[in-house]
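Have a look at the structure below before the remarks.
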There are 2 protein chains.
Amino acid sequence: MGVRKLAVTVIEHSFVLQSGELLSRWVEAFPSAVAVAADGVGVSEELLLWVRIPQGQSPELLLGSIKRRVNVNTKLIALSDTPNDDEGLACLSAGASAYINTHATPEALRQVAEVVGQGGLWIGASLMQRLLRSSVALVATQPTTKNKLHVLTGREREVAEAVARGDSNKEIAKQLNITERTVKAHTASLFEKLGVRDRLQLALAVNAQRYL
Amino acid sequence: MGVRKLAVTVIEHSFVLQSGELLSRWVEAFPSAVAVAADGVGVSEELLLWVRIPQGQSPELLLGSIKRRVNVNTKLIALSDTPNDDEGLACLSAGASAYINTHATPEALRQVAEVVGQGGLWIGASLMQRLLRSSVALVATQPTTKNKLHVLTGREREVAEAVARGDSNKEIAKQLNITERTVKAHTASLFEKLGVRDRLQLALAVNAQRYL
DNA sequence: GTAGATACTGTACCTTGGTACAGTAAAACG
DNA sequence: CGTTTTACTGTACCAAGGTACAGTATCTAC
């Protein structure tokens, strides 16, 4: 048994269940696994707390309430019967260290436990790709654009700001008291300097700086 | 040896090095490991390609050029002597499946190989937290986004997303396998429904929902 | 079965954006 | 002093975006 005596009992693998029993694959993966009700956590000191997310319930609430009652170094692992990216993200942002299918193979479960036990986070490929897609572009463009923003002249910066607000050339011309032709000259210069192809991408690049 | 004969030689663990030799911990982790020069990849068929990122060099370029020459199912793992989040992000967005310290323990290396070998991605806790911070907000606000965008049809939402990325009508048409004319129909409908006048303002509106 | 929503496409036309080629004028720097 | 940088403008042309008017094909709901 992976149970040691301290001030309180330390349990290596605790499975939080709404109802029902431990699945056979969990026991297969961790013979020392024990089941516990949602309101029974925090009595012993758990190392890894596997939480089965009930269908159609908010993962944030459940995980949040559990997290408040357990030791700070207890790691939460969310188990989902029907995993999807949104739920996974919710679980991870609620403080879970991993998010996987309830019916994952014992080998997979052990791998997750390994990673999480060493302080890591475990995320499936699908969700990971999504995370990367959404924030890599954002962060990846940052150095590129940022490095180049300081080479802009004062006027170019003004025009860039206006474009980033969604203004048309005509509007920008009126704002700056110059002709539309001159605005075009500035935008052309901006595209060149910032390596973008049109005003839309310029706007996105400039705005990307604001966030992050 | 983890080497099998096929049409070409298949190597399980290949380490791409600028100069020098295999580190002892690499050999300890993978006795079958072989070293290869950056321009020597793709000759054999590698399964896992460990790439040591040279100091102060752009990971994107190196990984990009390597990725172009290897088999599609070859997994790249970036090794960094001085890991940091920015470099890690660069490596991952350049197509690496993992990013870890060059001098990680053999156990850690094997763990990474395990995860990546099963199609997963491996990211350290620090970088992961950063990714979560920047994109959790994003998806956490999704319900809000949906509130404003719930009047949109499925197709309209797809087009809106593409516009928000800065894609042109032609590009969107190709992506969705429809004519440019149909894209225009969708965008026109989007302008109307969301009360914006052109694609630039649509992009800003959609993106504004994401951050906040 | 008919009305409405969704998705798709065509022709035509006008507007806006972007670029090529060209030039003036003032300030800045060596 | 001359060269470079910044700011500005003109004419002209083409591509992309956007709109008007119109039509077909599903599918769902009453």
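Proteins get letters first, then strands, A, B, ... in listed order; numbering begins at 1 in each.
- Here dA7(C) presents its C1' atom at 12 Å from NZ of Lys193(B), a figure rounded to the nearest Å.
- Residues of residues 171-188 of chain A that place a heavy atom closer than 4.0 Å to DNA chain C, in numerical order, are Arg181(A), Lys184(A).
- Not one N or O on the side chain of Arg52(A) forms a donor-acceptor pair closer than 3.5 Å with the backbone of Leu17(A).
- What separates CD of Glu192(A) from C1' of dG18(C) is a distance of 13 Å, to the nearest Å.
- Taking five base pairs at each end of the helix from dG1(C)-dC30(D) to dG30(C)-dC1(D) and finding the rotation axis that steps the C1' atoms of four pairs onto the next four gives two axes whose angle is 40°, to the nearest 10°.
- The pair Arg25(A)-Glu28(A) fails the salt-bridge criterion, with no side-chain N (NZ, NE, NH1 or NH2) lying under 4.0 Å from an Asp/Glu carboxylate O.
- Contact between the side-chain N/O atoms of Asn169(A) and the OP1/OP2 oxygens of dG17(C) is found at a separation under 4.0 Å.
- Between the side chain of Asn207(B) and the backbone N or O of Ala164(B) there is at least one donor-acceptor pair closer than 3.5 Å.
- Pairs passing the salt bridge (charged side-chain N to carboxylate O under 4.0 Å, His left out) check and including a residue from residues 167-184 of chain A, sequence neighbours excluded, read Arg165(A)-Asp167(A), Glu171(A)-Arg197(B).
- Between the CZ atom of Arg157(A) and the C1' atom of dA7(D) there is a distance of 15 Å, rounded to whole Å.
- Rounded to an integer number of Å, the gap from Arg199(A) CZ to dG18(D) C1' is 15 Å.
- With rounding to the nearest 0.5 angstrom, the CD1 atom of Ile77(B) is 11.0 Å from the OG atom of Ser14(B).
- Of the candidate nucleotides dT19(C), dC8(C), dC8(D), dC8(C) has the atom nearest to the side chain of Arg155(B).
- Of the possible polar contacts, none joining the Asn169(A) side chain to the Ile172(A) backbone as a donor-acceptor pair under 3.5 Å is found.
- Regarding Leu190(B), its CG atom lies at a distance of 15 Å from the C1' atom of dT19(D), rounded to whole Å.
- Arg197(A) has no side-chain polar atom (N or O) that falls below the 4.0 Å cut-off from OP1 or OP2 of dG18(C).
- Rounded to the nearest 0.5 angstrom, Phe30(A) CZ and Leu109(A) CG are separated by 5.5 Å.
- When distances run from any side-chain atom of Asp198(B) to the nucleotides dG18(D), dA7(C), dG18(C), the shortest one goes to dG18(D).
- At distances below 3.5 Å, not a single donor-acceptor pair connects side-chain atoms of Trp50(A) with backbone N or O atoms of Thr102(A).
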